[in-house]
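Here's the structure we're looking at; comments come further down.
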2 protein chains.
Amino acid sequence: MPQNDPLQIQDFLPYLLNRAAEATSLDFQKAYKDRYGMLRTEWRVLFHLGRYGDLTAKQICTMADLHKTKVSRAVAALQDKRFLERTEVPADRRNELLALTKLGQSAFDHLHQEATRYNETLLASFSPADQEALQRCLKQMANIP
Amino acid sequence: MPQNDPLQIQDFLPYLLNRAAEATSLDFQKAYKDRYGMLRTEWRVLFHLGRYGDLTAKQICTMADLHKTKVSRAVAALQDKRFLERTEVPADRRNELLALTKLGQSAFDHLHQEATRYNETLLASFSPADQEALQRCLKQMANIP
DNA sequence: CATTGATAGTTACAAATGCAACAAATATCC
DNA sequence: GGATATTTGTTGCATTTGTAACTATCAATG
């Protein structure tokens, strides 16, 4: 049984994933930070509402695996910026349904387009087989179906 | 030219990478957080010193792509916990060479073993081809040679 | 060698995060 | 139907991070 070389830091997946995540996130941040004054979590929440329709905060927590505190503050910030509105759900007044405003919708439309373009550019440098392997492995590690 | 489906959040690489990075990092954190009281950046710095020998803070900044502030604080914390010592470099007194203590070395030995095991377990669920594709794509996105 | 500029590292302050405690509404169980 | 538990969401406080300003040392240029 051969003794392998000692693990290098750049082969340690949590490290490698963090570096790749930070590099790409900081890169894409250029699309929303200055223009819309959003933070990363706000952009994530906006994406969910724009792409998947009106949701409650709890639903976003579950879908995005975000802590309710983080979502609560992102929602408040998006509301301050007039990107979304809350409407009470009479059936269960603990819930508040979150919906994008016209402004929020147009920001989403633009950013979703940018995200699509960015993603395509990133993926374009990999072979189709690599793209497929990458997505499959990442989803498994992230516990995403 | 076919119009693809609108991009899903779980196919957006910065998001997917962040989720995978968080999931694996939180998982591996179990190895060092309670037992050694380290934060993620401290563990990273420890790894560099243990794996690559004595380094200056600046060298760690460059290698790990970390801001000097973060490294400065991680080094101070590791020093407080007696995991490393600083020695002045007479040739250039701006530099301080960082070296693990016996305690730091033994923590590294243990954690490096844990990291190796953790990494192997993670990778074991992927085919060799997938493993190779994953590492290649991640390194490219992270700008790591 | 004196002035200016660059580099290594620290610190101060503001912003963001995590965690626990909290309030309000609903569900459960006797 | 009333006590208790659970769920949704917010708030307060401590910790962590990011940014910019700072100190100290060295390099370069006249």
Side-chain angles (χ1 to χ4, degrees), chain A residues 18-19 21-23 25-27 29-30 32-34 36-46 48-49 54-81 84-99, chain B residues 18-19 21-23 25-27 29-30 32-34 36-46 48-49 54-81 84-99:
Chain A
N18 265 291
R19 295 253 338 228
E22 271 316 294
S25 294
L26 288 177
D27 202 15
Q29 177 179 13
K30 290 202 269 285
Y32 57 82
K33 188 181 179 186
D34 289 342
Y36 298 105
M38 281 184 218
L39 300 176
R40 204 180 294 179
T41 310
E42 296 168 38
W43 152 235
R44 275 205 203 178
V45 168
L46 184 91
H48 278 83
L49 292 173
D54 303 352
L55 302 165
T56 68
K58 171 66 178 171
Q59 287 175 304
I60 298 176
C61 291
T62 305
M63 295 171 82
D65 191 32
L66 285 171
H67 195 273
K68 58 185 179 172
T69 305
K70 233 172 156 179
V71 172
S72 171
R73 291 193 264 236
V75 166
L78 288 170
Q79 190 182 27
D80 276 356
K81 291 167 199 140
L84 66 75
E85 280 170 348
R86 316 159 109 121
T87 58
E88 281 195 1
V89 178
D92 185 341
R93 297 204 340 269
R94 289 172 302 184
N95 289 307
E96 286 179 320
L97 209 56
L98 307 169
Chain B
N18 266 291
R19 296 255 336 229
E22 271 317 293
S25 294
L26 287 177
D27 203 13
Q29 171 176 292
K30 291 202 269 285
Y32 58 81
K33 188 180 179 186
D34 290 341
Y36 298 105
M38 283 184 218
L39 300 177
R40 202 180 296 180
T41 311
E42 296 168 36
W43 153 236
R44 275 205 203 179
V45 168
L46 184 91
H48 278 83
L49 291 172
D54 304 352
L55 301 165
T56 67
K58 172 64 179 171
Q59 287 175 305
I60 298 176
C61 290
T62 306
M63 294 171 82
D65 193 30
L66 286 170
H67 195 272
K68 57 185 180 173
T69 304
K70 235 174 157 178
V71 172
S72 171
R73 291 194 264 232
V75 166
L78 288 170
Q79 190 183 28
D80 276 355
K81 292 167 198 141
L84 65 74
E85 281 171 345
R86 317 158 108 120
T87 58
E88 281 196 0
V89 178
D92 184 341
R93 298 206 337 269
R94 287 172 304 183
N95 288 305
E96 286 179 319
L97 209 55
L98 306 170

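Note: hydrogens, waters and symmetry copies are ignored here, and every other heavy atom, side chains too, is used. The structure displayed is predicted, hence computed values, not measured ones. Chain identifiers are assigned alphabetically (A, B, ...) following the order of the sequence lines, protein sequences preceding nucleic acid strands; residue numbering begins at 1 within each chain.
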**OP:** Using side-chain hydrogen bond (donor to acceptor under 3.5 Å, both in side chains) as the criterion, list what pairs up with B/Ser25, not counting sequence neighbours.
**Re:** A/Asn18
Original post:
Mind checking whether A/Leu97 and A/Thr56 have side chains closer than 4.5 Å, heavy atoms only?
Top reply: yes
Subject >> All side-chain hydrogen bond (donor to acceptor under 3.5 Å, both in side chains) counterparts of B/Thr69, not counting sequence neighbours >> reply: B/His67
Original post:
Quick one: side-chain hydrogen bond (donor to acceptor under 3.5 Å, both in side chains) partners of B/Asp27, sequence neighbours excluded?
Top reply: B/Lys30, B/Tyr118
Just distance, no hydrogens or angles: give the donor-acceptor pairs under 3.5 Å from side chains in residues 74-81 of chain B, sequence neighbours left out.
unit_1  : atom_1 : unit_2  : atom_2 : d
B/Gln79 : OE1    : B/Arg86 : NH1    : 2.6
B/Lys81 : NZ     : B/Gly37 : O      : 3.0
B/Lys81 : NZ     : B/Glu42 : OE1    : 2.3

Original post:
Rounding to a whole Å, what distance do you find between B/Lys70:NZ and C/dT10:C1'?
Top reply: 17 Å
Original post:
Who are the salt bridge (Lys or Arg N to Asp or Glu O under 4.0 Å) partners of B/Arg19, not counting sequence neighbours?
Top reply: none
Subject >> Sequence-distant partners of A/Arg93, side-chain hydrogen bond (donor to acceptor under 3.5 Å, both in side chains), two or more places apart >> reply: none
Original post:
Which of residues 37-45 of chain A sit near DNA chain D, with a heavy atom under 4.0 Å from it?
Top reply: none
Original post:
Along nucleotides 5-13 of chain D, 5' to 3', which nucleotides get a B, which get an S, and which get a -, given that the test is a protein heavy-atom distance under 4.0 Å?
Top reply: -BBBBBBB-
Subject >> side chain to side chain contact (heavy atoms under 4.5 Å, CB included) partners of B/Gln29, counting only residues at least two apart >> reply: B/Leu26, B/Tyr32, B/Lys33
**OP:** To the nearest Å, give me how far apart CG (B/Asp65) and P (D/dG18) are.
**Re:** 11 Å
**OP:** Let me know the distance between CD of A/Glu22 and P of D/dT16, rounded to the nearest Å.
**Re:** 18 Å
